[in-house]
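A note on names: the letters A, B, ... follow the listed sequences, proteins ahead of strands, and every chain is numbered from 1.
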2 protein chains.
Amino acid sequence: MKKKTTIYDIAKALNITVSTVSRALSGFPAISDTTRKAVVEMAKKLNYSPNKLASALKSGKTHIIGVIVPSVQAHFFASIIHCIEDGLKDSGYRVIIYQSNESVENEINGVRTLLEAQVDGIMASMSLETKNISHFSEIIKQNKPLILFDRVNTDLKVPTITLDDFKAGYIATKHLIDQGYQKIAFVTTVHQIKIFNDRLEGYKAALTDHGFPVVEDHIIFGGLSIKDGRFGAGKLMRSSNKPDAIIAGDDFTALGVIKKLKEIDETPPKIGVIGFANEAFSAYITPNLSTIDQHASQMGQECAKMFLKMINQESPYANMEHIVLDPGVVERDSTNKKVAIKTEA
Amino acid sequence: MKKKTTIYDIAKALNITVSTVSRALSGFPAISDTTRKAVVEMAKKLNYSPNKLASALKSGKTHIIGVIVPSVQAHFFASIIHCIEDGLKDSGYRVIIYQSNESVENEINGVRTLLEAQVDGIMASMSLETKNISHFSEIIKQNKPLILFDRVNTDLKVPTITLDDFKAGYIATKHLIDQGYQKIAFVTTVHQIKIFNDRLEGYKAALTDHGFPVVEDHIIFGGLSIKDGRFGAGKLMRSSNKPDAIIAGDDFTALGVIKKLKEIDETPPKIGVIGFANEAFSAYITPNLSTIDQHASQMGQECAKMFLKMINQESPYANMEHIVLDPGVVERDSTNKKVAIKTEA
DNA sequence: CTGAAAGCGCTAACAA
DNA sequence: TTGTTAGCGCTTTCAG
């Protein structure tokens with residue numbers, strides 16, 4: 001059992017040639033039923049397992065597609081991956097995952113590794129650090145499908161699947177205004193990635209549309225994490241112009257914000273808090289967290305569909321599409337002033 | 001840019017042979033500095049990217065190792081993977097992840113896919129459904145390293161890295177007893193995987209050692225999920241012999257238990273609740289959840305170390321080790337009766 | 001220090 | 001319907 005059986009072993013055992021074996025195994029039509037059966041049986045008997053490397057080398061197709069995400073620990077990305085796998089498995093494509101851990105260096109490495117592994121295409125959501133995008137251009141140069149989702153960069157001329165993030169920022173803000181909050185702050189992050197800018201613009205637009213001023217001190221730029229949330233909330237609540245509601249860049253950051261607010265006895269919804277992403281835990285923390293649903297499953301499905309379309313075209317980048325999904329507010333207690341009144345009574 | 005540059009292109013451009021190029025690129029010692037430099041430069045100029053498929057086919061080593069886990073959404077598994085990657089990257093090994101989603105069918109598929117992709121080894125934590133283990137035997141037959149971690153099956157003669165799960169069950173129970181709880185129930189799952197049995201045995205032993213009876217009705221066998229937790233807690237609290245504390249098979253299940261208890265106004269620590277795994281959210285739910293720390297990072301490191309050891313031996317399965325890690329209790333509010341008293345005062 | 005050539009396991013013309 | 005044969009891109013003896 002030391003060395004693997006190959007189609008040569010099968011051929012030899014059956015006294016036929018490798019081409020016949022190859023054809024029998026790959027369902028080639030012009031093969032007699034007898035031969036096919038004999039081959040399949042012998043393959044099983046010899047415990048044959050095909051070497052995909054060899055066939056990929058020959059055919060130029062690995063049927064593997066690479067997905068690069070910042071981290072699989074975010075429920076949002078995990079769900080997307082799941083849906084991509086789901087949408088692709090019927091077509092015989094497998095997914096391999098590469099985590100950038102929010103570092104460009106890892107991201108570059110990821111692209112290289114996947115390309116060297118000869119994947120048939122790549123889907124990616126960029127790391128927060130990513131500014132230079134030349135590593136992605138390499139994929140395009142090789143004329144392999146690249147699809148960017150959620151965290152995209154518009155300088156890259158590739159199909160994208162995103163949320164309407166301007167609208168997401170807008171409705172998050174509007175939701176708070178509708179709940180009666182008046183001084184709304186925003187803890188977010190700064191970089192090249194479109195979605196965070198769009199959300200910020202949506203936030204500003206909503207404020208303006210409803211007659212509220214945009215206060216520079218109410219916008220905190222940092223990272224996105226529980227720690228950053230705590231820090232941002234602390235800074236805001238120590239300032240002379242304290243907000244009465246905080247929008248957090250994602251649910252983890254919102255969690256940090258809530259932690260901090262609880263410590264200083266400003267537990268939401270006293271101070272309103274809303275996040276982005278609808279993480280698994282968001283419904284279970286106290287108070288449970290209002291958030292913006294980013295439709296992970298739909299996004300994953302669209303990625304899969306888009307990939308299949310690209311791979312089946314002569315040129316993958318013809319008829320490029322940019323799909324934009326509609327965000328929704330998930331209203332929970334952290335922005336529900338009525339709960340606060342009830343609790344205080 | 002349509003077709004990729006190969007070492008042949010480099011060789012032609014430099015008027016040397018492919019063997020020289022290959023050697024120059026792979027850091028072979030007996031190569032003149034001049035040639036090496038020229039090759040490297042030309043490689044960059046021609047935008048060369050090696051085809052790992054070809055080199056793997058030739059050398060029989062892909063330097064890729066496959067990790068099969070039930071789901072990356074569990075913080076525990078995500079952390080382990082992270083640490084495996086970390087411990088392996090210096091040796092040039094890359095990790096690809098395959099999720100079984102707790103289904104044997106996917107698991108079998110995963111093993112096959114990884115084997116066909118010619119990975120150099122596999123690490124796996126079994127799905128809850130897995131009973132038959134022949135798909136894993138296949139890896140051993142091919143004489144490739146297989147390491148089982150956390151959810152192992154002792155019928156497979158391979159190295160394992162586990163927690164001392166008997167002890168885990170024991171200390172979880174003892175912790176509750178120490179806190180003053182007297183009627184301790186256990187919501188868990190039933191199957192072939194060793195750890196869940198061990199935990200149950202530890203639970204029983206702790207009860208017995210401290211003079212408490214083992215009550216059959218206090219042991220609920222179901223799945224592990226938020227839903228199963230709700231269901232288990234409901235069943236327990238409706239019974240005539242209500243427990244005053246519940247051990248849940250994992251933190252997700254514990255979350256469901258807490259949800260249910262809150263609804264029927266038995267919010268922990270009134271009824272004590274403890275989970276397993278120390279998920280990211282556990283510290284943030286209310287009341288925050290006591291749990292058993294499974295030392296994910298240590299487990300990941302040991303996996304990496306073990307793999308390196310196996311791959312460097314003549315025969316991977318010589319000197320097999322079974323590493324057992326020590327669990328620890330993370331004490332939080334959900335089992336802290338003093339908090340309850342304070343709150344009620 | 002470099003070249004020639006065989007071959008990893010499989011596919012796919014082209015023949016028969 | 002099956003066989004022959006030439007590679008896919010790379011590594012690696014064996015010569016020189």
Rounded distance (Å) that lies between atom [atom2] of [N] and atom [atom1] of [X]:
| X | N | atom1 | atom2 | result |
| --- | --- | --- | --- | --- |
| B:Glu116 | C:dG9 | CD | P | 15 Å |
| B:Asn51 | D:dG7 | CG | P | 18 Å |
| A:Leu25 | C:dC10 | CG | C1' | 11 Å |
| B:Lys61 | C:dG9 | NZ | C1' | 16 Å |
| B:Phe28 | D:dT11 | CZ | P | 12 Å |
| B:Lys12 | C:dG3 | NZ | C1' | 17 Å |
| A:Leu57 | C:dT11 | CG | C1' | 10 Å |
| A:Ile7 | D:dT2 | CD1 | C1' | 14 Å |

Phosphate contact ([N] OP1 or OP2) by [X] side-chain N/O below 4.0 Å:
| X | N | value |
| --- | --- | --- |
| A:Tyr8 | C:dT11 | no |
| B:Thr6 | D:dG9 | no |
| A:Ser19 | C:dA12 | no |
| A:Ser22 | C:dT11 | yes |
| A:Thr20 | D:dT2 | no |

Below 3.5 Å, does any donor atom in the side chain of [X] face an acceptor in the base of [N], or the other way round?
| X | N | answer |
| --- | --- | --- |
| A:Thr35 | D:dT2 | no |
| A:Lys58 | D:dG7 | yes |
| B:Lys4 | D:dG9 | no |

Contact between B:Ile122 and B:Leu114 at the side-chain level, heavy atoms closer than 4.5 Å - yes or no? yes

Contact between B:Gln99 and A:Ile81 at the side-chain level, heavy atoms closer than 4.5 Å - yes or no? yes

side-chain contact (heavy atoms from CB on, under 4.5 Å) between A:Ile80 and A:Val69, worked out: CA-CA 10 Å; A:Ile80 289 187; A:Val69 291; over 6 Å; no

Using heavy-atom distances to pick each residue's nearest nucleotide on DNA chain C, tell me which of B:Arg23 and A:Ser55 is more 5'. B:Arg23

Counting only side-chain heavy atoms from C-beta out, which of [options] sits nearest to [X]?
| X | options | value |
| --- | --- | --- |
| B:Val18 | C:dA5, C:dG3, C:dC8 | C:dA5 |
| A:Ala30 | C:dG3, D:dG9, D:dT1 | D:dT1 |
| B:Pro50 | D:dC10, C:dT2, D:dT1 | D:dC10 |
| B:Ile31 | C:dC8, C:dT2, C:dC10 | C:dT2 |
| A:Thr17 | C:dC10, C:dA4, D:dT4 | D:dT4 |

When the ring planes of B:Tyr93 and B:Phe307 are compared, do they come out parallel, tilted or perpendicular, using 30° and 60° as the limits? perpendicular

Apply side chain to side chain donor-acceptor pair (under 3.5 Å) to residues B:Asn132 and B:Ser134 and explain how you reach the verdict. CA-CA 6 Å; B:Asn132 186 305; B:Ser134 52; 2.7 Å; yes

Taking any heavy-atom pair under 4.0 Å as a contact, classify A:Ile16: base, sugar-phosphate, or nothing. sugar-phosphate

Remember a base hit wins even if backbone is also touched, and classify A:Tyr48 as base, sugar-phosphate or nothing at under 4.0 Å, heavy atoms. sugar-phosphate

Enumerate the side-chain hydrogen bond (donor to acceptor under 3.5 Å, both in side chains) contacts for residues 20-35 of chain B, please, sequence neighbours excluded, ordered by first and then second residue. B:Thr17-B:Thr20, B:Ser32-B:Thr35

Comparing A:Pro29 and A:Ser59 on DNA chain D - which has the more 5′ nearest nucleotide: A:Pro29

